[in-house]
Amino acid sequence: MLKIFNTLTRKKDIFQSIKKNKVGIYVCGVTVYDLCHLGHARTFLVFDMIIRYLKYCNYEVNYVRNITDIDDKIIFKSIQKKENFIDFSNRMILEMNKDLSMINLIQPNAEPKVSNCISNIINMISKLIGKGYAYIGKSGDVFFSVKKYTNYGQISNQTIQNLQSKNSFYSDLSVKNNFEDFVLWKLIKEKNEPYWFSPWGKGRPGWHIECSAITEKYLGYKFDIHGGGIDLLFPHHENEVAQNSCYNKDFCVSYWIHAGLLIINNSKMSKSLENSLFLKNILKKFDGDEIRFFFLSAHYRSPLEYFEEKIKKSKESFKKIRSAVLFFNSSSCSSYTNFFSISIEEEKHFHNAMENDFNTPKALSVLFSIVRKINIFKKNKDPKNVFLYSFKLKELSKILGFFTKKSMSLYKEKINKKKLKENKKIKDIHLLIKLRNKARKNKNWDLSDLLKKKLLKFGVVIEDKSYKDLE
RNA sequence: GACGCGUUGGCAGAUUGGUUAUGCAUCGGAUUGCAAAUCCGAACAACUCGGUUCGAUUCCGGGAUGCGUCUCCA
């Protein structure tokens with residue numbers, strides 16, 4: 001029985017899908033004003049793991065993740081880079097897809113761009129105005145009237161009275177009726193801003209309305225799971241609930257799942273703090289499976305502190321599992337295929353861990369105990385059990401998204417390259433030694449010293465004894 | 001100020017009202033031509049103060065402290 005921590009009820013709820021064997025899930029995606037950072041990677045990896053597990057449990061999953069390609073920061077960045085706004089966001093989307101594919105994420109069933117959903121957004125805003133939940137402010141921008149929605153604060157447990165106002169254009173009471181009201185449609189302020197036509201003038205949607213319109217369009221007013229980073233809980237998700245509930249009174253998300261944040265230098269990782277680590281850069285040092293292991297070795301809801309030493313250590317731990325799986329791949333024995341239906345004790349532990357709100361650290365510890373058993377069976381020369389447990393290890397790892405075809409082939413490629421490099425290095429060293437010996441024989445001391453220095457660069461220390469050593 | 005989540009060995013990180021998490025690192029041993037890998041064993045733990053209890057790291061309360069959110073953020 002799968003239990004999931006639901007932010008709405010603040011406890012672990014038993015999972016039950018609305019439609020039998022089907023799950024609709026929406027995850028708030030990236031605002032593409034820069035490259036993907038490691039924080040994005042964590043959130044999407046968490047939901048990737050959740051979706052893989054649901055699929056493993058025989059659910060047909062409809063996974064929707066939006067791309068915010070309209071946003072003040074995107075506009076600002078594109079102007080700064082003197083790049084057309086559309087070109088800039090498209091370039092960032094390409095980069096995002098490239099980076100995310102390297103950590104082997106399941107592709108969403110739909111990945112709508114906000115710019116393709118403007119008509120849905122306009123419809124939703126019109127209806128909200130019609131119902132009296134939204135109004136045109138003094139500035140001409142459209143605002144949501146928070147006080148009209150009596151359940152506001154339900155998911156984030158916030159009350160309007162306790163909110164602190166921040167200074168920005170849209171927090172100014174000269175443009176809207178109440179400070180808690182948030183913007184649904186922004187009119188263009190500068191000539192070079194991108195815009196779309198609307199009943200309220202040329203402009204663009206506010207941030208919160210896009211997710212409401214997209215979930216409505218792709219998943220309807222009732223769906224199973226809504227996810228995102230915990231930093232989106234307030235105001236983003238609170239506002240989404242308000243918008244959708246006012247748009248359709250039967251709106252209901254069964255489970256709200258929030259991923260814990262990646263912490264770096266004792267604070268949340270975000271670009272506004274200029275401490276971001278781009279996924280692209282991390283991928284130069286660690287592969288997809290290693291990054292996956294690093295994230296899954298902490299519970300998905302707890303904050304996770306990042307520093308390089310930590311991921312290096314986790315890479316070392318992961319080696320243990322990887323080498324066992326590689327050994328299995330290289331020694332598969334088809335005569336044991338009748339073993340596939342046999343179950344082992346560890347599978348139960350693994351499933352219990354996953355069913356308990358996706359306890360991946362515990363599930364991983366089960367993998368380690370399988371590895372130990374495999375090693376013992378190897379030592380005891382028990383090939384049947386080596387095969388059985390190795391097979392199970394691989395199957396369970398795959399549930400968590402490890403050892404996909406792509407990640408395996410990338411890893412093999414990396415290893416082969418390394419081997420080639422090693423071989424070349426050894427050849428080079430032998431050649432240099434030969435040349436140096438020749439130079440010494442010819443008493444060409446300058447060349448000999450030069451070659452000695454070159455050898456030192458390869459880590460080879462030359463200690464000459466006498467000419468007798470020379471060949 | 002409000003709301004939420006934390007504090008577990010050297011590090012990372014699960015779990016639990018009583019009995020080994022797990023991984024890395026350390027120490028001892030086994031295995032091995034050497035090494036790597038592996039196995040066995042050892043040592044090291046619950047922020048603090050109260051309460052409940054036969055028994056609390058776990059439940060309850062106070063305190064300390066860290067992180068997140070409060071209308072741009074995965």
Scan [X] against the nucleic acid and name what it touches under 4.0 Å (heavy atoms): base, sugar-phosphate only, or nothing.
X        : value
A:Lys378 : nothing
A:Phe368 : sugar-phosphate
A:Thr43  : base
A:Leu304 : sugar-phosphate
A:Glu180 : base
A:Lys313 : base
A:Gly206 : nothing
A:Ile376 : sugar-phosphate
A:His258 : nothing
A:Ala298 : sugar-phosphate
A:Arg301 : nothing

Write down the distance separating the [atom1] atoms in [N] and [M], rounded off to the nearest Å.
N     : M     : atom1 : answer
B:A2  : B:G9  : C1'   : 37 Å
B:U53 : B:G18 : C1'   : 12 Å
B:C40 : B:C24 : P     : 12 Å
B:G33 : B:G41 : C1'   : 26 Å
B:U38 : B:G23 : P     : 11 Å
B:A46 : B:A56 : P     : 14 Å
B:C44 : B:U20 : C1'   : 14 Å
B:A21 : B:G29 : C1'   : 24 Å

According to the Watson-Crick and G-U wobble definitions, with both distances under 3.5 Å, which nucleotide is paired to [N]?
N     : answer
B:C70 : B:G1
B:G17 : none
B:C34 : none
B:U53 : none
B:U48 : B:G62
B:A42 : B:U26

[N] [atom2] sits how many Å from [X] [atom1], rounded?
X        : N     : atom1 : atom2 : answer
A:His237 : B:C72 : NE2   : P     : 15 Å
A:Gln158 : B:C70 : CD    : C1'   : 5 Å
A:Asp382 : B:C39 : CG    : C1'   : 15 Å
A:Ile155 : B:U71 : CD1   : C1'   : 16 Å
A:Tyr152 : B:U69 : OH    : P     : 16 Å
A:Tyr300 : B:C5  : OH    : P     : 14 Å
A:Asn375 : B:G23 : CG    : P     : 11 Å
A:Asn356 : B:U15 : CG    : P     : 7 Å

Query - Under 3.5 Å donor-acceptor pair, A:Asp231 side-chain atoms to B:U69 base atoms - result: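 Counting by modelled atom types and ignoring angles, no donor-acceptor contact under 3.5 Å is found here.
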Query raised in the report: Is any N or O donor-acceptor pair between the side chain of A:Lys379 and the base of B:C39 shorter than 3.5 Å?
Result: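 Checked by distance alone, the answer is no.
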Requested in this report: Test A:Lys319 against A:Glu316 for salt bridge (charged side-chain N to carboxylate O under 4.0 Å, His left out), laying out the working first.
Outcome: CA-CA 5 Å; A:Lys319 248 189 199 169; A:Glu316 284 306 305; 3.5 Å; yes
Whether [X] and [Y] hold their rings parallel, tilted or perpendicular, with breakpoints at 30° and 60°:
X        : Y        : result
A:Tyr26  : A:Phe223 : perpendicular
A:His258 : A:His237 : tilted
A:Phe387 : A:Phe328 : tilted
A:Tyr300 : A:Phe358 : perpendicular

Between [X] and [N], is there a side-chain N or O to OP1/OP2 distance below 4.0 Å?
X        : N     : answer
A:Asn157 : B:G4  : yes
A:Thr31  : B:A74 : yes
A:Ser302 : B:A14 : yes
A:Lys310 : B:G13 : yes

Could you measure the distance from the [atom1] atom of [X] to the [atom2] atom of [Y]? Nearest 0.5 Å is fine.
X        : Y        : atom1 : atom2 : value
A:Phe350 : A:Lys362 : CZ    : NZ    : 13.0 Å
A:Phe402 : A:Phe293 : CZ    : CZ    : 6.5 Å
A:Leu283 : A:Ile103 : CG    : CD1   : 7.0 Å

Identify which nucleotide among [options] has an atom closest to any side-chain atom of [X], counting heavy atoms from C-beta outward.
X        : options             : value
A:Lys362 : B:C39, B:A14, B:A74 : B:A14
A:Pro235 : B:A74, B:U71, B:A14 : B:U71
A:Asn359 : B:G68, B:U15, B:A74 : B:U15

**Report entry** Residue whose closest nucleotide on RNA chain B lies nearer the 5' end, A:Leu364 versus A:Ala259
**Finding:**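 So the residue in question is A:Leu364.
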Query raised in the report: Want to settle it: does A:Arg42 or A:Asn239 sit nearer the 5' end of RNA chain B, counting the closest nucleotide to each?
Result: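 So the residue in question is A:Asn239.
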Report task. Just do the salt bridge (charged side-chain N to carboxylate O under 4.0 Å, His left out) check on A:Lys384 and A:Asp382 with the steps written out, would you? Result -> CA-CA 6 Å; A:Lys384 281 183 186 173; A:Asp382 181 354; over 6 Å; no
